[in-house]
Amino acid sequence: MIKKRKAQMEFLGLVIIVLLLSLGLITLTVLKSKQGSVSIQKSYADKALGQNTINAMLKMRTECRAGIPTGIKLSELIVDCAENPADAQIICDNGAYSCEYVNKTIFNIFNATLISWQESYDFFIEETNITFNTQGCNDRSPSEEPGKQFLPTKIGPIKMSLRICT
Amino acid sequence: MMESLGVVFVFFMLLSLALIFYGAFQKDKITELRGEKTDLDIVSLSQTITSLPELKCSEQNSIDENCYDLLNIQILSHYMNDSDGFLSPNNVRTRVFYTQLFKNSNITINVYDEKNNNFTTYPVYYNNDDNKSSTRNNLLPITIKDSRNGEFYFGILNLAIFTD
C-alpha cells in the first residue's frame with residue numbers, strides 16, 4: 001500500500017515537471033512573438049528617408065517667382081521666413097509671403113509622400129512656426145537618426161529636422 | 001505496469017511538445033531569414049541604382065550625390081521601353097547586363113510637379129520573368145536636375161522587388 005502511494009507521488013512529480021516545462025515553453029513562445037524586430041530594409045529606408053527628403057526639398061526650385069523668370073529655391077524662402085517672420089522680404093507672384101509659401105509647399109510634399117506612405121514623422125524648422133508631425137511622433141519616440149540640415153542666416157544658423165518614427 | 005506506461009506516456013508527451021516547439025521556432029527563423037534576404041536584396045538594389053552613372057547628375061566631371069539628371073532619366077526610360085532598344089533581340093548583351101544588375105524588379109522615378117501638385121512617372125526598368133506575385137517596395141526621395149536650365153526638382157525613386 002505504501003509502495004503504491006509512493007509510486008503515485010512520483011507520477012505526480014512527473015506531471016508537475018511536464019506542466020512546468022510546458023509553461024516555460026509557452027512563455028518563451030509568447031515572449032519571442034512579442035519581440036518586434038525592425039527589418040533591415042525599414043531601418044535603411046527610414047535613415048535615408050529623413051535626410052534625403054530634407055536635402056531634396058532644400059534644393060528644389062519653387063513656383064514662387066517674385067518678379068524673376070526662374071522660381072526661388074525653397075531654401076531661400078526658408079531663410080527669408082526665418083530672418084523676417086513678421087515682415088517677409090519675398091512676396092511671391094500669387095501674393096503669398098515666404099513663410100506662407102514654404103508652409104504650403106512642405107505640406108503638399110509631405111501629403112504626397114510621407115502621409116500617403118503612412119509614415120509617422122516629426123518635422124520642424126527653427127526660428128519659424130513651421131512644424132508638421134503626425135500624432136504620436138515626437139523627439140522621444142523610437143526612431144532612426146533624424147535627417148538634419150543647417151541653413152546659414154543673418155540671425156545665425158537655423159536647424160531643420162525630419163524624424164521618421166518606427 | 002501502469003506506472004511504466006505512465007512514464008513512457010509522459011516521456012513521449014515531452015518529446016512531442018519539444019518537437020512541436022522546435023518546429024515552430026525553426027519555421028519562424030526560416031521566415032525571418034527569407035525576409036532578411038529580401039531586405040538585403042532591396043538595399044543592394046537601392047545602392048546599385050543610387051550609384052548608377054547612367055542617371056547621375058554631373059557638372060564638369062564632378063558627380064553630385066543623390067542627384068539624378070532628368071534628361072538621362074528620360075533617355076534611359078525611353079531606351080528601356082523601346083522595341084529597338086533594350087527590348088530588341090539584337091541587344092541581348094545589354095539586356096543581360098541590366099537584368100543581372102536589377103534582377104526581378106520594377107524601378108520608376110517620379111518627378112514632383114509643384115504647379116499641379118502631382119508626380120510625373122518615368123518607368124526605368126521592369127522585369128518579372130518568374131511571375132512572382134508580391135512586391136517589396138523602397139521609396140527614396142531624390143533630387144532631380146534639369147541640365148538644360150539648371151533647375152532642381154523634388155523626386156521619388158520607387159524600387160519594387162518581386163518576391164514569392
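So that the names make sense, note that chain A is the first sequence line, chain B the second, and so on, each numbered from 1.
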>> Applying side-chain contact (heavy atoms from CB on, under 4.5 Å) to B:N149 and A:T70, what does each step give before you reach the verdict?
In response: CA-CA 9 Å; B:N149 52 20; A:T70 54; over 6 Å; no
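- Within a 6.0 Å radius of NZ in B:K56, more than 12 heavy atoms belonging to other residues, nucleotides or ligands are found.
- Within a 6.0 Å radius of OH in B:Y22, no more than 12 heavy atoms belonging to other residues, nucleotides or ligands are found.
- Under the salt bridge (charged side-chain N to carboxylate O under 4.0 Å, His left out) criterion, B:D41 pairs with B:K37, not counting sequence neighbours.
- Note: the hydrophobic cluster containing A:Y121 also contains A:W117 (ILVMFWY, side chain heavy atoms under 4.5 Å, direct or indirect links).
- No continuous path of ILVMFWY side-chain contacts below 4.5 Å connects B:I20 to A:L28, so the two sit in separate hydrophobic clusters.
- Taken together through direct or relayed side-chain contacts under 4.5 Å among Ile, Leu, Val, Met, Phe, Trp and Tyr, B:I49 and B:Y126 form parts of separate hydrophobic clusters.
- When the candidates A:I109, A:L21, A:N55, A:L58 are compared by the number of heavy-atom contacts under 4.5 Å with chain B, A:I109 comes out ahead.
- Residue A:K59 comes nearest to B:T143 through the heavy atom pair CD-CG2, 3.8 Å, listed as atom of the first residue, atom of the second, then distance.
- By number of non-hydrogen pairs under 4.5 angstrom with chain A, the leading residue of B:L17, B:I144, B:N66 is B:N66.
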>> One pair to check against side-chain contact (heavy atoms from CB on, under 4.5 Å): A:Y44 and B:D39. What are the steps and the verdict?
In response: CA-CA 9 Å; A:Y44 171 81; B:D39 279 358; over 6 Å; no
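- For A:N129, the CG atom counts as loosely surrounded, since its 6.0 Å shell holds 12 or fewer non-hydrogen atoms of other residues, nucleotides or ligands.
- Atom CZ of B:F152 is separated from atom OG of A:S75 by 10.5 Å, given to the nearest 0.5 angstrom.
- Only the side chain of B:N117 comes within contact range of chain A, with heavy atoms under 4.5 Å apart.
- Under the 4.5 Å side-chain heavy-atom criterion for Ile, Leu, Val, Met, Phe, Trp and Tyr, B:F97 and B:L76 are members of the same hydrophobic cluster.
- The nearest pair of heavy atoms linking B:E114 to A:R61 is OE1-O, 4.1 Å.
- Around the CD atom of A:Q118, the shell of radius 6.0 Å holds no more than 12 heavy atoms that belong to other residues, nucleotides or ligands.
- Residue contact with chain B, scored on non-hydrogen atoms closer than 4.5 Å, involves the backbone and the side chain of A:I26 alike.
- With hydrophobic clusters built from ILVMFWY side chains whose heavy atoms lie under 4.5 angstrom apart, A:F107 shares a cluster with A:I125.
- With chain A as the partner, the residue from B:N110, B:L139, B:L140 showing the most heavy-atom pairs under 4.5 Å is B:L139.
- The candidate from A:T105, A:T113, A:I17, A:T62 with the greatest count of non-hydrogen atom pairs under 4.5 Å with chain B is A:T62.
- Along residues 153-163 of chain B, the residues that come nearer than 4.5 angstrom to chain A, judged on non-hydrogen atoms, are B:Y153, B:F154, B:I156 in order of number.
- Heavy atoms of B:L40 lying under 4.5 Å from chain A belong exclusively to its side chain.
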